[in-house]
Every structure is written in structure tokens, then in C-alpha cells.
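Data first, discussion second: the structure below is written as C-alpha cells.
Note on naming: letters A, B, ... go to the chains in the order of the sequence lines (proteins, then strands), and numbering restarts at 1 for each one.
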There are 2 protein chains.
Amino acid sequence: MVQRGRRTARVSGDERQDAILLTAEALLGERVFDDISIEDLAAGAGISRPTFYFYFSSKDEVLLALLDRVITEVEHRIAALPREFHSDPAGSWTRSIGMFVDVFASHRGVSTAAIAARARNDEVRALWSKSMQSWADFSTEVIRSERARGAAPDGIDAYDLAVSLNLMNERVITAVINQESPAIAESRALEVLATIWIRSIYGSVHPGRL
Amino acid sequence: MVQRGRRTARVSGDERQDAILLTAEALLGERVFDDISIEDLAAGAGISRPTFYFYFSSKDEVLLALLDRVITEVEHRIAALPREFHSDPAGSWTRSIGMFVDVFASHRGVSTAAIAARARNDEVRALWSKSMQSWADFSTEVIRSERARGAAPDGIDAYDLAVSLNLMNERVITAVINQESPAIAESRALEVLATIWIRSIYGSVHPGRL
DNA sequence: CGAACACTCAACACGGTGTTGACTGCGCCG
DNA sequence: CGGCGCAGTCAACACCGTGTTGAGTGTTCG
């Protein structure tokens with residue numbers, strides 16, 4: 001694995017940086033962010049605590065990097081999603097929401113820690129805000145388009161509705177993946193969320209029928 | 001509920017305890033919980049740091065006491081609410097949700113800090129869970145009753161729906177009172193939340209019409 | 001009056017964060 | 001080939017916030 005001699009005698013910086021991120025994600029799987037010390041991260045990456053500061057300026061920077069990866073994954077998967085809201089509104093919304101459920105569930109520790117860190121760290125808050133904003137904007141556009149073709153009723157502002165539904169998803173998904181109480185079963189989460197989105201966007205049990 | 005230290009009330013003692021709580025709530029109005037030290041609370045109450053520990057065993061205990069007061073207020077106001085879901089479903093839901101918006105908005109600092117502390121503190125989590133549970137149970141009962149009288153359609157489980165909507169409220173209210181971005185205007189929050197509740201519970205823009 | 005109780009705090013122990021400054025080995029350029 | 005520079009490393013230190021100890025104070029009541 002770690003080859004010595006010729007080109008790179010010492011373990012490269014990039015490997016160390018990755019090792020820190022890897023350690024952090026692993027530890028977040030078993031402990032809360034607050035209970036992980038920089039010492040833990042350094043030890044996991046095989047370096048001393050001061051050396052950690054060569055790679056990241058704080059524990060929060062590590063979390064920020066981890067969050068950035070998760071958000072990038074979401075963006076790629078959003079882009080890959082088929083856009084069939086006119087022909088299959090229920091299925092399209094469900095697939096979009098399901099994508100969020102999948103990604104956040106598979107990065108439980110990072111998502112949870114980032115959402116908590118938002119309250120105290122400006123960079124984390126900014127990054128999360130930016131993403132929420134773009135998801136809300138996307139939802140708003142689709143709602144407006146559904147209203148324009150007469151499939152969904154007017155009423156409350158489309159943006160307000162989109163923001164509220166996205167915030168609901170954030171909170172419900174967090175509760176589900178952390179098995180909070182009260183929460184709902186992970187197996188039913190997607191169905192429940194999709195139903196609430198559809199009923200509140202289309203004002204009816206069946207999308208498209210006014 | 002949260003009681004420690006002295007038993008018989010020597011005047012200055014109880015005043016001190018109140019002074020700590022008062023200081024905490026005041027400071028939470030201007031700073032994040034993490035940025036308030038026990039030193040700050042002690043100074044605000046006119047005592048030294050070790051003396052603080054005579055009244056509370058940690059900063060989290062103070063928050064717990066504060067949260068307890070807020071929850072008690074919510075419970076009293078829930079109990080005082082008229083139950084007119086059959087005759088005026090939209091108004092009844094709106095009044096219930098509005099009560100939560102009011103109470104949490106008027107205790108912005110405490111609510112926000114408690115919700116954040118939930119992630120690391122067992123007692124805070126337990127207290128919050130207990131309350132969320134009872135609000136979700138209440139909502140579930142009303143939904144079931146509305147379904148029973150034929151005003152609301154079946155579909156997803158009433159409890160799952162109730163939990164999700166309550167979680168949405170928690171998150172949207174938090175975003176609104178902290179002026180997060182994205183969030184919605186405080187003036188429209190109640191209308192938006194009520195609309196989502198009604199549409200998703202009654203499966204229609206107009207409650208009662210199936 | 002003295003014992004018990006409510007209350008107070010200086011001083012300490014501890015754990016975590018972030019910084020300093022000295023050191024090592026590799027690569028490259030003159 | 002030799003020395004300079006830089007990526008990388010860490011022991012030791014400074015600092016801050018938490019929680020504990022133990023020695024006090026004044027008050028009340030039997």
C-alpha cells in the first residue's frame with residue numbers, strides 16, 4: 001500500500017488529508033461530533049495533533065469538507081434525475097424526495113453533524129443555506145410550472161410552500177435516520193413525505209385533478 | 001421539576017436561582033448558547049462560578065429548566081384552546097399552530113438553544129421528545145376523528161402524517177424566528193403552515209369536502 | 001450557645017483547542 | 001554534488017472553560 005523509495009518516499013499530504021476525512025466520517029458513524037476530539041482524528045490518520053492543523057484549521061473545517069462532498073453527490077443525482085413532472089407528477093416528486101432520503105441516510109453522521117454545526121459555524125451555515133436555497137428554488141419552479149399548466153391550484157405563494165416542504169424534508173429525514181422519537185419508520189418515510197408534498201402542492205389527493 | 005441544592009427557601013437563595021435563569025434567557029437573546037459561559041451566568045446573577053454549581057449542576061441544567069417553562073406554557077395554552085374541529089376545522093388547526101408559533105417566537109433563544117442541545121444532552125432530548133410525542137398524539141387523534149366522520153380521506157397512517165407535520169412546524173418555526181435563509185416571512189408563516197396541514201390532512205383545498 | 005444548615009468562593013485538576021519554533025528528509029537548481 | 005527551500009512533523013507551551021474540593025461565612029433553631 002504505502003510504497004516507499006523512488007518517487008514518494010514519505011506518505012503524501014493528500015493521503016493524510018484523505019485519512020483525516022475518512023477517520024472523521026467513520027467516527028461520526030459511532031459518536032456525536034462533539035465527542036470526537038482533534039486528537040481522535042489525528043490518531044486515526046496516524047499523525048500528531050499539531051500536524052492535524054497543517055491540513056485543517058479546525059474540526060469544523062473537516063466537517064465542512066465532508067458536507068461539501070455530500071452536497072456534491074446530491075447535486076449530481078439531482079442533475080441525473082428525469083424531468084417528467086407533466087407526465088408523471090407523483091412519480092417525479094417521489095423520485096426527487098427519495099434521492100434526498102437515500103443520500104442523507106447513507107451519510108447519516110455527516111448530515112446530522114452538519115445540521116447541528118449550522119447553528120454555530122458560519123461556513124457550514126452558508127454552505128447548507130446555499131444548497132437549501134437551490135433546492136427550494138428548483139421546487140418553486142416546478143410548482144409554478146404545474147400551476148401554469150393548470151394542474152395545481154394557486155393559493156399560498158409557491159416559494160413559501162417550496163421552502164416549507166424542503167424544511168419538512170430536512171427535519172423528517174434527520175429524525176428518521178437518527179431514529180428519534182417521535183419519528184416514523186424509515187420504510188414509510190418516503191411515502192409519507194411524497195404524499196404531503198403532493199397533497200399540499202396539488203390541493204388534492206390526486207395530482208392534476210382540480 | 002428541576003430542583004437541586006437548598007430545600008428551605010432562604011430568600012436570597014431562590015432569588016439567585018431565578019437570577020441565573022433570568023440572565024440565561026437574556027443572554028440567549030443576544031448570543032448563541034455555546035458562546036455563553038458559566039462565568040457569564042454567574043456574573044449576571046451576582047455570584048462566583050463555583051457558587052453557580054450550588055444551584056445548577058451544569059449549563060445544560062439551566063437550559064433544561066428554561067425549556068421546561070416554555071413547554072409548560074405551551075401545555076397551558078393547548079389546554080385553553082377551544083376544540084371545534086368538526087364545526088371549524090381550518091380555524092381550529094390554524095389556532096393550534098398559531099399558538100406554537102407565538103410561544104416559540106416569544107422564547108426564540110431558549111427554543112433554538114434547546115433544539116440544538118437535544119443532539120448532545122439526554123435530558124433535553126427526553127423532555128423535548130415527550131412534548132413532541134404528546135403534540136403528535138393529539139394531532140393523530142384529531143386526524144382519526146376527522147377521518148371517522150368522513151371529513152378527511154384515509155391513505156397514509158394518521159400518526160405518520162401527524163409526526164411529519166409536527167416536525168415540519170418545528171423546523172419552519174425555527175427557521176422563521178432565526179431569520180434563516182431560506183425561510184419565509186414571519187407574517188406569512190402561520191398561513192403557509194396551516195395550508196399545508198389542511199391540504200395534507202383533508203386531501204383537498206377545502207376541508208370537509210371529499 | 002452551639003450545632004446544623006444554607007450558602008459562598010479561592011484554588012485546584014483536567015481536558016480540549018490552537019500556536020510556536022525547531023527539526024527532518026526530499027527535490028530541485030545552480 | 002551541494003546547498004536551499006519547502007512540505008511535512010511534533011514536543012512543548014499558552015489558554016480557556018468546566019467541574020471539584022475544602023475551608024470558610026452568616027443564620028436559625030433547639
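- Remark: C1' of C:dC9 and CZ of B:Arg16 are 12 Å apart, rounded to the nearest angstrom.
- C:dT17 atom C1' lies 12 Å from atom CG of A:Asp60, rounded to whole Å.
- Taking every side-chain heavy atom of B:Thr51 into account, C:dT8 is the closest of D:dT9, C:dT8, C:dT17.
- One interatomic measurement links the two molecules: CZ of A:Phe54 to P of D:dC6, which rounds to 12 Å at whole-angstrom precision.
- In this entry the distance linking CD1 of B:Ile20 with C1' of C:dT8 reads 12 Å, nearest Å.
- The side chain to side chain contact (heavy atoms under 4.5 Å, CB included) search around A:Ala105 returns A:Ile177, A:Glu186, not counting sequence neighbours.
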List, one per line, each side-chain donor-acceptor pair under 3.5 Å for residues 66-77 of chain A, sequence neighbours excluded.
from	atom 1	to	atom 2	distance (Å)
A:Thr72	OG1	A:Asp68	O	2.8
A:Glu73	OE1	A:His107	NE2	2.9
A:His76	ND1	A:Thr72	O	3.4

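- The nearest whole Å value for the distance from the OH atom in B:Tyr55 to the C1' atom in C:dC9 is 12 Å.
- Residues forming a side chain to side chain contact (heavy atoms under 4.5 Å, CB included) with A:Ala194 (at least two apart in sequence, or on another chain): A:Thr94, A:Ile97.
- Among residues at least two apart or in separate chains, salt bridge (charged side-chain N to carboxylate O under 4.0 Å, His left out) pairs with a member in residues 158-168 of chain B are A:Arg188-B:Asp160.
- Applying a 4.0 Å cut-off to non-hydrogen atoms, the residues of residues 26-50 of chain B that approach DNA chain D are B:Ser37, B:Ile38, B:Arg49, B:Pro50, listed by residue number.
- If you take CZ of B:Phe52 and P of D:dG19, they are 8 Å apart, rounded to a whole angstrom.
- The separation between B:Tyr53 atom OH and C:dA10 atom P is 15 Å, rounded to whole Å.
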Exercise. Does the salt bridge (charged side-chain N to carboxylate O under 4.0 Å, His left out) test come out yes or no for B:Arg95 and B:Asp88, once each step is laid out?
Worked result: CA-CA 11 Å; B:Arg95 278 189 292 278; B:Asp88 178 17; 3.6 Å; yes

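- Partners of A:Ile38 under the side chain to side chain contact (heavy atoms under 4.5 Å, CB included) rule, at least two apart in sequence or in another chain, are A:Arg49, A:Phe52, A:Tyr53, A:Lys59.
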